[in-house]
Amino acid sequence: MKILLIHSDYLKYQVKKETPVAEEIEEEMKEGEMKECLSVFTAVEERDENKVEKVIAKGVNDIKDTAEKLDVDKIMIYPYAHLSSELGDPATAVEILKGLEDELSHDYKVHRSPFGWYKAFQLSCKGHPLSELSKEVVVEEEGEKEEVVSKALKAEETLQSTWGIMDVDGTLHELDIDGKDVEGYDFKGNGKLKDFVLYEAGEKEKGGAESPHIELMRRHELVDYEEGSDPGNLRFYPKGRMMKGLLEDYVSERTRDYGAMEIESPIMYDIDHPALKKHLNRFPARQYRMETPDKNVFLRFAACFGQFLMTRDMTLSYRNMPVRLYELTRYSFRVEQRGELTGLRRLRAFTMPDCHAMCKDLEQAKDEMMTRMNLAISVVNDIGINVLEDLELVVRATQDYFENNREQVEKLVDNYGKPALIELWDEQYSYFALKYEFNFLDPLGRASALVTDQVDVEQGERYDIKYIDEDGKERHPYILHLSPSGAIERVMFTLLERAAMQENSGEKPTFPYWLAPTQIRFVPISDDQLEHVEELVDDLEEINVRVDIDDTDRTVGKKIRQAEQEWIPFVAVIGPKEIESGKLSVRIRGEEKEREMGLKELKELHEKKQNGMPFRDIPLPRYLTKRAIFVG
RNA sequence: GCCAUCGUAGCUUAGUUCGGCAGAGCGGCUGACUUGUAAUCAGCAGGUCGAGGGUUCAAAUCCCUCCGAUGGCUCCA
């Protein structure tokens with residue numbers, strides 16, 4: 001509803017002729033006049049339909065607000081269609097206008113001019129600064145929005161789960177969880193798994209400390225908050241962008257190697273698209289919503305939409321299956337509740353590698369899921385996160401699915417290689433019947449999922465994705481949803497948290513070598529060595545090493561300290577001695593004493609640590625004196 | 001979203017209890033020093049005290065609203 005409020009000396013009207021939508025009126029309503037009043041020109045709009053009472057309440061509120069400020073006791077309600085181009089139906093309009101009249105009558109003298117008549121009117125506006133005011137009365141489409149996005153969210157709230165631990169040999173131990181007590185399994189030597197159970201199903205200790213990665217991501221000039229955006233949308237500095245880019249490169253390369261076809265799809269979708277609308281109802285998340293010039297759209301929370309709409313239009317035969325599609329979503333968007341956001345761990349905009357496989361039947365889906373689990377294990381290990389030591393497996397399924405496919409779950413747990421948490425749902429709240437996750441546990445027992453794969457038993461049909469089977473009949477595929485590494489930001493979160501854990505246990509914290517922003521730093525003792533160092537750096541860059549030079553006028557001690565604080569793996573001090581001997585004095589991070597070696601040996605050490613992982617050039621100027629500071 | 005805590009220079013922070021001149025260290029800049037494996041010395045610049053409103057002779061300090069951050073609840077990649 002749109003309203004235009006005018007503080008008037010008077011408003012006077014005479015009814016002339018009825019329009020097709022005119023309300024029936026008494027003779028006495030055919031003309032009217034009010035002096036020293038607030039004139040309320042009103043247009044009821046389409047979006048007010050079905051929300052009559054709320055619109056009235058809100059409108060009354062707004063009008064009273066203004067009336068109080070202007071200190072008037074008379075109100076003229078005047079229907080005025082020209083305020084809006086999206087008018088509601090006349091019956092609703094009359095209902096709302098009458099409602100406003102009734103409600104306002106309690107406190108004001110109210111006159112309502114008739115709806116749907118051509119009228120002549122004379123109006124005198126007082127002309128002071130507050131005398132003209134237009135307002136839009138919008139009732140949040142709570143009902144509607146909730147309907148669209150939250151069925152799965154709501155279903156999840158009432159979900160009943162039973163919990164268990166499955167051994168590698170397939171034995172399932174049912175857990176009895178009461179607060180901080182877990183019975184039914186001997187967690188000896190497996191404290192992390194117990195922490196994980198408590199995090200998922202029990203109560204954990206109160207009073208958590210700030211996640212260490214938050215300070216680290218800023219101190220190392222990787223990532224920072226961006227107050228100019230929405231919460232959970234971060235800025236990446238050059239070093240952070242490089243690290244993230246390398247991870248993106250690697251995960252994408254490995255996923256393509258597995259046989260996935262990389263595609264690209266839009267980040268926004270029509271909220272009124274029938275298949276998408278139903279899909280939203282089966283995914284427990286909130287979306288960013290926005291208006292384009294022609295449509296109401298939402299921002300994707302994963303790559304499903306684009307890939308499914310694409311496969312729906314494809315011609316598929318059983319011979320093509322499984323069909324694997326991959327996209328690195330930069331970004332996926334989820335409007336997580338404000339209090340759920342933390343640093344790199346939980347964001348509203350994040351980069352997720354998302355790989356779907358269309359499988360012709362459940363048997364093929366099971367086999368494919370196993371292949372993909374091995375891909376994920378290999379990818380995560382190679383990145384520098386130890387799957388067995390650092391992560392915990394959970395398999396979640398509906399009770400029904402588990403009973404009929406227990407063998408699959410046993411194989412997944414066996415393949416992972418250590419006891420896993422099992423969650424069984426009493427009903428299927430979302431589109432998947434089974435999912436597994438690799439979860440990282442921080443020292444305070446907070447779990448974050450990285451890798452996940454799901455068996456989707458609904459959306460082949462929902463999106464009308466079809467393949468022609470051997471018997472010539474059309475069938476809907478089972479769809480797997482894999483993120484082979486988990487969100488890239490969350491991978492960075494895990495790496496930083498792990499570094500903090502190293503530090504706490506007395507080790508020197510490190511980045512995986514292939515991700516270290518600077519891999520080798522040269523520290524010349526004085527400016528005299530700069531020319532020589534320059535040659536060494538040129539030489540090293542030939543074989544793809546990220547090298548830089550500390551050419552500041554700090555003391556050697558200070559330069560070393562600086563390099564240590566940047567967690568640089570190799571630091572080479574160059575003075576007259578080294579130039580003389582042609583050797584290098586190399587400090588290796590984590591070793592007590594520096595080592596003397598030739599350039600060749602340093603190159604070999606580099607190659608060994610780089611281990612064939614992707615490479616990007618150093619993202620900052622070679623000379624430290626040329627570098628701008630991003631954070632303190 | 002709810003509850004709690006927090007927001008002072010680029011960074012870390014003192015000052016907020018009980019209203020009364022906004023201070024320091026690091027970093028930056030300038031100069032000196034040209035240095036041998038985790039902090040060289042001196043000087044200078046740098047502040048809408050998160051934003052807006054209110055109370056007051058006077059607000060970083062008290063009150064209100066908003067924004068942002070952290071932790072917990074809930075939830076996820």
Side-chain angles (χ1 to χ4, degrees), chain A residues 152-153 156-157 159 199-200 203-211 214-215 218-219 221 224-232 283-286 301-303 329 331-354 430 435 437-440 444 446-454 481-491 493-494 508 521 523-530 550-566 571-578 585-588 591-595 628-632:
Chain A
L153 273 176
E156 207 173 27
E157 278 170 21
L159 193 68
Y199 184 85
E200 289 288 321
E203 280 174 24
K204 64 181 160 157
E205 308 274 333
K206 303 264 177 185
E210 180 176 318
S211 256
I214 294 171
E215 198 236 325
R218 303 191 69 236
R219 179 146 62 78
E221 295 192 317
D224 214 335
Y225 297 110
E226 177 52 85
E227 292 199 14
S229 184
D230 195 48
F283 192 85
R286 295 172 179 84
F301 48 72
T329 62
Y331 290 104
S332 285
F333 297 93
R334 298 182 190 178
V335 183
E336 307 293 4
Q337 298 182 84
R338 185 60 196 79
E340 293 170 343
L341 302 171
T342 316
L344 279 165
R345 173 169 175 252
R346 191 88 181 272
L347 300 165
R348 284 185 177 173
F350 58 97
T351 303
M352 187 172 61
D354 199 358
S430 186
K435 75 185 291 202
E437 298 156 16
F438 297 1
N439 273 265
F440 172 75
L444 288 153
R446 294 177 288 225
S448 310
L450 288 164
V451 173
T452 182
D453 202 356
Q454 305 161 353
H481 300 234
L482 170 73
S483 186
S485 63
I488 303 295
E489 292 83 354
R490 197 168 271 190
V491 172
F493 150 80
T494 304
K508 286 198 173 177
R521 167 155 302 163
V523 173
I525 282 178
S526 76
D527 295 349
D528 299 341
Q529 293 85 34
L530 275 177
D550 190 341
D551 61 332
T552 62
D553 63 357
R554 294 188 268 238
T555 58
V556 172
K558 189 83 174 269
K559 288 178 180 177
I560 297 290
R561 178 181 145 84
Q562 178 68 29
E564 291 284 349
Q565 285 178 333
E566 290 180 46
V571 182
V573 176
I574 308 284
K577 257 194 295 181
E578 285 72 23
S585 170
V586 182
R587 251 179 100 98
I588 300 175
E591 291 189 9
E592 292 273 320
K593 193 106 182 74
E594 53 272 16
R595 281 201 233 166
I629 294 163
F630 287 89
V631 185

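Keep in mind that this is a model prediction, so the values were computed, not measured. Atom set for the values below is all heavy atoms of this structure, side chains included, hydrogens, waters and symmetry mates excluded.
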* Asked: Heavy atoms under 4.0 Å, any strand shown: does A/Phe333 hit a base, just sugar-phosphate, or nothing?
  -> nothing

* How is A/Ser585 classified with respect to the nucleic acid when contacts are heavy atoms under 4.0 Å: base, sugar-phosphate, or nothing? -> base

* **Rounded distance (Å) that lies between atom P of B/C75 and atom OH of A/Tyr199** => 9 Å

* Do you know which two heavy atoms are closest between A/Ala447 and A/Arg345, and how far apart they sit? -> O-NH2, 3.2 Å

* **For A/Ala349, all residues meeting side chain to side chain contact (heavy atoms under 4.5 Å, CB included), sequence neighbours excluded** => A/Asn233, A/Tyr331, A/Phe333

* Touch class at under 4.0 angstrom, heavy-atom based, for A/Arg219 against every strand present -> nothing

* Would you say a side-chain N or O of A/Arg587 is under 4.0 Å from OP1 or OP2 of B/A38? -> yes

Polar atom pairs between nucleotides 3-10 of chain B and protein, under 3.5 Å, N or O only, would you list them?
residue, atom, partner, partner atom, Å
B/G10, O2', A/Gly632, N, 2.9

* **Out of B/U74, B/C76, B/A39, whichever nucleotide has its closest atom nearest the side chain of A/Glu340** => B/U74

* Under 4.0 Å between any heavy atoms, over every strand shown, what does A/Glu564 touch: base, sugar-phosphate, or nothing? Just pick one. => base

* Base, sugar-phosphate alone, or nothing: which one does A/Glu336 contact when heavy atoms must sit under 4.0 Å apart? -> base

* Between B/G71, B/A77, B/U74, spot the one nearest the side chain of A/Ile214, thanks. => B/G71

* Please name all residues satisfying side chain to side chain contact (heavy atoms under 4.5 Å, CB included) with A/Asp224, sequence neighbours left out, ordered by chain then number. => A/Arg218, A/Arg235, A/Tyr237, A/Val631

* If the C1' atom of B/G15 is compared with that of B/G53, how far apart are they to the nearest Å? -> 25 Å

* Let me know the distance between CZ of A/Phe493 and C1' of B/C76, rounded to the nearest Å. => 12 Å

* To do: For A/Ser332, report the nucleic acid contact type (base, sugar-phosphate, nothing); a contact means any heavy atom under 4.0 Å.
  => nothing

* Which part of the nucleic acid does A/Glu578 contact within heavy-atom distance under 4.0 Å: base, sugar-phosphate only, or nothing? -> base

* Would you say A/Phe350 stacks on B/A77, if stacking means ring centres under 5.5 Å apart and planes within less than 30 degrees? -> yes

* Asked: If you look at every strand shown and take non-hydrogen atoms under 4.0 Å, does A/Ala572 touch a base, only sugar-phosphate, or nothing?
  -> nothing

* What does A/Val573 touch in the nucleic acid at a heavy-atom separation under 4.0 angstrom: a base, only the sugar-phosphate, or nothing? -> base

* With no angle test and no hydrogens, is the base of B/C76 tied to the side chain of A/Arg490 by a donor-acceptor pair under 3.5 Å? -> yes

* For the base of B/G36, is there a side-chain donor-acceptor partner from A/Gln529 under 3.5 Å away? -> no

* Asked: Partners of A/Phe440 by ring pair (Phe, Tyr, Trp, His ring centres under 6.0 Å), sequence neighbours excluded?
  -> A/Phe493

* To do: Please answer whether the main-chain N or O of A/Ala303 pairs with a side-chain N or O of A/Asp354 as donor and acceptor at a distance below 3.5 Å.
  => yes

* Pick base, sugar-phosphate or nothing for A/Arg446, based on heavy-atom distances below 4.0 Å to the nucleic acid. => sugar-phosphate

* Answer with base, sugar-phosphate or nothing: what part of the nucleic acid does A/Ser483 contact at a heavy-atom distance below 4.0 Å? => nothing

* Just jot down the side chain to side chain contact (heavy atoms under 4.5 Å, CB included) partners of A/Leu347, sequence neighbours excluded, or say none. => A/Leu234, A/Phe350, A/Glu489

* List the protein contact pattern of nucleotides 40-52 of chain B with one symbol per nucleotide (5' to 3'): B for base contact, S for sugar-phosphate-only contact, - for none; contact means a heavy-atom distance under 4.0 Å. => S------------

* Using a heavy-atom cut-off of under 4.0 Å over every strand shown, decide if A/Pro353 touches base, sugar-phosphate, or nothing. => nothing

* Figure out the CD/C1' separation between A/Glu200 and B/A77, and round it to whole Å. => 13 Å

* To do: Would you classify A/Lys559 as touching base, sugar-phosphate or nothing, given that sugar-phosphate means primed atoms plus P, OP1 and OP2, and contacts are heavy atoms under 4.0 Å?
  => nothing

* Contact class for A/Lys435 vs. all strands (heavy atom < 4.0 Å): base, sugar-phosphate, or nothing? -> sugar-phosphate

